[in-house]
2 protein chains.
Amino acid sequence: MAAGSLISQTAEYALRAVVCLAQHAGEACTTQIVADETHLPQGYLAKVMQSLTRAGILQSKRGLHGGFTLARPPSEISIFDVIDAVDPIRPYVTCPLDFPWHCETLCPLHRSLDDLIIGFIEQSKRTTIEDILPRDEPKPPPRRRSPRKALPRGRRRASR
Amino acid sequence: MAAGSLISQTAEYALRAVVCLAQHAGEACTTQIVADETHLPQGYLAKVMQSLTRAGILQSKRGLHGGFTLARPPSEISIFDVIDAVDPIRPYVTCPLDFPWHCETLCPLHRSLDDLIIGFIEQSKRTTIEDILPRDEPKPPPRRRSPRKALPRGRRRASR
DNA sequence: AATAAACTGGACATTGTTGTCTTTTTGTCG
DNA sequence: CGACAAAAAGACAACAATGTCCAGTTTATT
C-alpha cells in the first residue's frame with residue numbers, strides 16, 4: 001500500500017556495503033568506515049554485514065585492526081548473491097492458494113509471477129559487483145554552479 | 001532478512017482478486033464471494049479492492065446486489081496495473097544515497113538496480129489478466145488418488 | 001598481562017504491513 | 001417509507017522489518 005522498489009531496504013544496504021568494500025580492495029574495513037562512506041545506520045549495518053558473512057560473501061576478522069573484506073573478487077559476486085544473502089527471493093514452487101489441486105502445476109497467475117521472479121533473478125545473477133564499481137572515486141566534485149531544475153526532494157506520498 | 005518474493009502480499013491478493021472477477025465476467029461480485037473463492041481474509045481484501053477501485057481498475061456498486069466488477073476488459077488490464085495500484089513500484093530517479101553529487105546521474109549500483117526494476121515493470125506490463133485466466137474452471141477435480149510426495153505445508157522460517 | 005579495537009549476539013524500540021472489527025453511507029426492494 | 005445488503009471509512013490489534021543499544025568475546029599491540 002506504500003511505495004516499494006522490489007528489493008528490501010536491507011538488500012539495498014547490503015549492496016551498498018559490498019560495493020564499498022570492493023572499492024577498498026583487500027584492506028579490512030570496519031562497520032564504522034562502511035557506515036560513514038555509505039551513509040547507513042551503523043548498528044543495523046553491522047547486522048547486515050553479519051548476514052553477508054554467514055552467507056560467505058564477506059570475511060570478518062575480529063579484534064584490533066579487524067574488519068570486513070570480500071570473500072571473493074568482485075567479479076565473482078553477483079547482485080543476486082548479495083540480495084539472496086539478506087533477503088532470499090524464491091520462485092513459487094507451489095501455488096500459494098491453498099487449493100491442494102493447484103499444487104502440482106502452478107496456476108497461470110503464479111506461473112506468470114514466477115516468470116517475473118525468474119527474470120529478475122536471472123538478470124541479477126548476470127550483473128556482478130565489478131560491473132557496478134564507480135569509475136571515478138566518490139569524492140565531492142568541485143562545486144560547479146550548473147543551472148539545474150530543482151528536483152523535488154520530498155517523499156512523494158500521493159493521497160490519491 | 002526474511003523470505004520475500006518481489007511483490008508484496010497485498011499485490012498478490014490484488015491479482016488473485018482481479019483474476020477472480022475476470023472469471024465472473026460482467027456480474028458484480030461481493031468481497032465475500034471473492035474472499036471465499038480466493039481464500040483471502042475478507043476484511044483485508046475489502047481494503048485491497050477499495051484501492052483497486054480508486055485506481056480505476058475495478059468499479060464498485062454499493063447497496064443491495066452491489067459488488068465489484070472490472071472497469072475494463074481483462075485484456076486491457078496488465079499485471080503491472082494491478083501491482084501498481086496497491087503497491088507502487090518506482091524506478092530510482094535519484095540515488096538514494098544522500099550524496100548530492102549522485103543526484104544527477106545515478107551511480108552504477110543504482111543504475112543496475114534501476115535496470116532490474118525496469119525489466120520487471122516492462123515484463124509485467126506485457127502480461128494482461130486475460131493471459132492468466134485459468135483454462136479449466138477452478139473446481140475441485142474428481143479426487144483421483146495419484147501417488148504424490150506430500151509437499152511440506154509449513155511456512156519455512158529459517159532462523160539463520 | 002593489560003588494553004583498546006573490533007566483531008558477535010541479544011534485548012529492546014520504532015515503524016510499516018497485514019489483518020480484524022465496528023460504524024457509516026449508499027443503494028435496492030417490498 | 002422501512003428493511004436490508006453491500007461498499008466505505010476508520011479504529012485498532014498482531015506481526016514483521018528496521019533501527020538502536022549494550023554487554024560479551026576475540027585479537028593485535030604494548
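Small disclaimer: the values here were computed from a predicted structure and weren't measured. Naming: A, B, ... by sequence-line order, numbering from 1 per chain.
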key: Side-chain donor-acceptor pair present, Ser8(A), Tyr13(A), cut-off under 3.5 Å   = no
remark   = By salt bridge (Lys or Arg N to Asp or Glu O under 4.0 Å), Arg126(B) pairs with (sequence neighbours left out) none
Separation of dT18(C) C1' from Asp87(B) CG (nearest whole Å) = 12 Å
message = Show every salt bridge (charged side-chain N to carboxylate O under 4.0 Å, His left out) that has at least one partner inside residues 58-83 of chain A, sequence neighbours left out.
response = Arg72(A)-Asp81(A)
ask   = Within the pair Thr31(B) and dA7(D), is there a side-chain N or O less than 4.0 Å away from OP1 or OP2?
value = yes
ask   = Are any side-chain N or O atoms of Asp87(B) and backbone N or O atoms of Ala11(B), one a donor and one an acceptor, separated by less than 3.5 Å?
value = no
Short side-chain N/O contact from Thr10(A) to OP1 or OP2 of dA17(D), under 4.0 Å = no
request  = Can you tell me the distance, in whole Å, between the CD atom of Glu12(B) and the P atom of dG19(C)?
outcome  = 11 Å
key: OP1 or OP2 of dA17(D) under 4.0 Å from side-chain N/O of Gln9(A)   = no
query = Which parts of nucleotides 20-30 of chain C does protein reach within less than 4.0 Å, heavy atoms only, written one letter per nucleotide 5' to 3' as B for base, S for sugar-phosphate only and - for none?
reply = B----BBBBS-
query = Just how far, in rounded Å, is P of dG19(D) from CG of Leu40(A)?
reply = 9 Å
ask   = Once you round it to whole Å, what is the distance between P of dA4(C) and CD of Gln32(A)?
value = 18 Å
note = Taken in chain and number order and not counting sequence neighbours, the residues that satisfy side-chain hydrogen bond (donor to acceptor under 3.5 Å, both in side chains) with Asp131(B) are Thr128(B)
query = Excluding sequence neighbours, so at least two apart, what forms side chain to side chain contact (heavy atoms under 4.5 Å, CB included) with Ala35(A)?
reply = Gln42(A), Leu45(A)
note = From CD of Gln59(B) across to P of dA8(D) the rounded distance in Å is 12 Å
ask   = Arg54(B) CZ to dG10(D) C1': how many Å, rounded?
value = 12 Å
ask   = Would you say dA8(D) has OP1 or OP2 under 4.0 Å from some side-chain N or O of Ser60(B)?
value = yes
remark   = Side-chain atoms of Phe68(A) come closest, of dT18(D), dC7(C), dA8(D), to dC7(C)
task = Check whether any side-chain N or O of Gln50(B) sits under 4.0 Å from OP1 or OP2 of dA7(D), and answer yes or no.
result = no
ask   = Partners of Glu122(B) by side-chain hydrogen bond (donor to acceptor under 3.5 Å, both in side chains), sequence neighbours excluded?
value = none
